[in-house]
Amino acid sequence: MSTTDATDAADITEAVIEADPKLPIIRITRDFKATPAQLLRAHTDPELYARWVGPDDMTTEIDYWDARTGGSWRFLNLRGGEEFGFHGSFHEVSDDRVVQTFTWEGMPEGVSLQTLTFEDLGNGRTRLHAQSLVDSFEARDGWLASGMEVGINDGYAKLDNLLTQGAI
């Protein structure tokens, strides 16, 4: 986990993952050599999303995906014989923001509310701000202790590669 102050960094090439001390929120900040439209597409196109999300040792299969306000989604992460299901609903999808719920099916009582915003930094660069609100500090701290930074940074590195290759 990086502790760099996101507002002072020129280029954030590793995800900055921060826990809010007063709310059960995790905030993630990361810069990309991309436009906001490219990042929106990476987060809403199911074929692209499956190519970059998650740790390097897992694959992702999309079950269903309807990336529009009021839509829903479900995907599986696969590693060897293991299978992890996730699902949620898209509450808002706009040019610079996605608001959605996120549930790991292994803990169906734990639903987080995620907000992604795409800040145009100019010169073809965009800062991604992701915020996940969970229902308790214990749940938030469990996420932080889970090794989530590996999957986030592996996934964002794959997204960087797709952007460099012109796939997005």
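Just so it is clear, the values below take in all heavy atoms, side chains as well, and ignore hydrogens, waters and symmetry mates. In this chain, residues are counted from 1 in sequence order.
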Quick check: is [Y] connected to [X] through a chain of hydrophobic side chains (ILVMFWY, heavy atoms under 4.5 Å apart)?
X    : Y    : answer
M107 : L113 : no
W143 : W104 : yes
V99  : I26  : no
L48  : V93  : yes

Problem - By salt bridge (Lys or Arg N to Asp or Glu O under 4.0 Å) - contacts of D66 (at least two apart) - result: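 So D66 forms a salt bridge (Lys or Arg N to Asp or Glu O under 4.0 Å) with R68.
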Problem - Residues in salt bridge (Lys or Arg N to Asp or Glu O under 4.0 Å) contact with E92, at least two apart in sequence or another chain - result: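 Testing E92 for salt bridge (Lys or Arg N to Asp or Glu O under 4.0 Å), a comparison that skips the adjacent residues, returns R97.
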Heavy atoms only: give me the nearest [X]-[Y] pair and the separation to one decimal.
X    : Y    : answer
G54  : D154 : O-CB, 3.8 Å
D31  : D11  : OD2-CA, 3.4 Å
N153 : A15  : OD1-N, 2.9 Å

Please name all residues satisfying side chain to side chain contact (heavy atoms under 4.5 Å, CB included) with [X], sequence neighbours left out, ordered by chain then number.
X    : answer
T60  : A50, V53, I62, F75, N77
D20  : K22, L23, I25, R27
A167 : R51, L162
S146 : M148

Mind checking side chain to side chain donor-acceptor pair (under 3.5 Å) for [X] and listing every partner two or more places apart, or none if nothing turns up?
X    : result
D63  : R74
R79  : D57, E82
D56  : none
D160 : R30

Main chain of [Y], side chain of [X]: is a donor-acceptor contact present, judged purely on distance under 3.5 Å?
X    : Y    : result
T103 : V111 : no
D45  : E47  : yes
Q38  : I168 : yes

Problem - Other ILVMFWY residues reachable from L76 by side-chain steps of under 4.5 Å - result: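 Joined to L76, directly or through intermediates: L78.
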Problem - R140/D135 ion pair, N-O < 4.0 Å - result: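 Salt bridge absent between R140 and D135.
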Practice task
Using the six-membered ring wherever Trp is involved, compare the ring planes of F102 and W73 and label them parallel, tilted or perpendicular (cut-offs 30° and 60°).
Solution key: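 Judged by the thresholds at 30° and 60°, the geometry between F102 and W73 is tilted.
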Handout entry: ring pair (Phe, Tyr, Trp, His ring centres under 6.0 Å) against H43, all qualifying residues, sequence neighbours excluded
Key =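 Partners of H43 under the ring pair (Phe, Tyr, Trp, His ring centres under 6.0 Å) test: W52, F118.
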Exercise for the section: Consider only side-chain N and O atoms of H87 and E105, and report whether a donor and an acceptor are under 3.5 Å apart. Expected result: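 Looking only at side-chain atoms, E105 and H87 do form a donor-acceptor pair, the distance falling under 3.5 Å.
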Handout entry: NZ-CG distance between K33 and L163, expressed to the nearest 0.5 angstrom
Key =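 These two atoms lie 10.5 Å from each other.
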Practice task
Please round to the nearest 0.5 Å and tell me the distance separating atom OG of S132 and atom CD1 of I28.
Solution key: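 So the gap between those two atoms works out to 6.0 Å.
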